[in-house]
Amino acid sequence: MRAGRALLDWSQQELAGHSGIGRRTVAAYENGGDRVMPTSVVAMKEALERAGVRFSGEDEPEGVHRVLR
């Protein structure tokens, strides 16, 4: 999530707002928190994807990319 935010130049607060979750949840996830609800992780991922971030698929090297529109 941190890499996706960096590509968009978003703060944790901005990602939280676009995801409909709290900033503390974003921070907890980025700090390795294992108590973050799976629905929150999905919400963050989907918010980044709507903004043009693409996460690598299973058959690709691991990474995060910005989709040019």
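Computed from a predicted model, the values in this text were never measured in an experiment.
- For the atom pair CD (Q12) and CE (M44), the distance works out to 10.0 Å, reported to the nearest 0.5 Å.
- If you check the side chains of R23 and Q13, you find no donor sitting under 3.5 Å from an acceptor.
- Checking side-chain atoms of S19 against main-chain N and O of L15 turns up a donor-acceptor pair under 3.5 Å.
- Judged purely by atom type and a 3.5 angstrom limit, R54 has no side-chain atom pairing as donor or acceptor with the backbone of R66.
- Other residues, nucleotides and ligands place no more than 12 heavy atoms under 6.0 Å from the CG atom of D9.
- The backbone N or O of A43 sits nowhere less than 3.5 Å from a side-chain atom of E46 that would complete a donor-acceptor pair.
- Taking CZ of F55 as the start and NE2 of H65 as the end, the distance is 10.0 Å to the nearest 0.5 Å.
- Between atom CD1 of residue I21 and atom CE of residue M37 there is a gap of 11.5 Å, rounded to the nearest 0.5 Å.
- Looking at E30 and R5, their side chains come closer than 4.5 Å, going by heavy atoms from C-beta outward.
- A heavy-atom distance below 4.5 Å is not found between the side chains of E14 and V26.
- Of all the heavy atoms in G4 and V53, the pair that sits closest is O-CG2, 3.9 Å.
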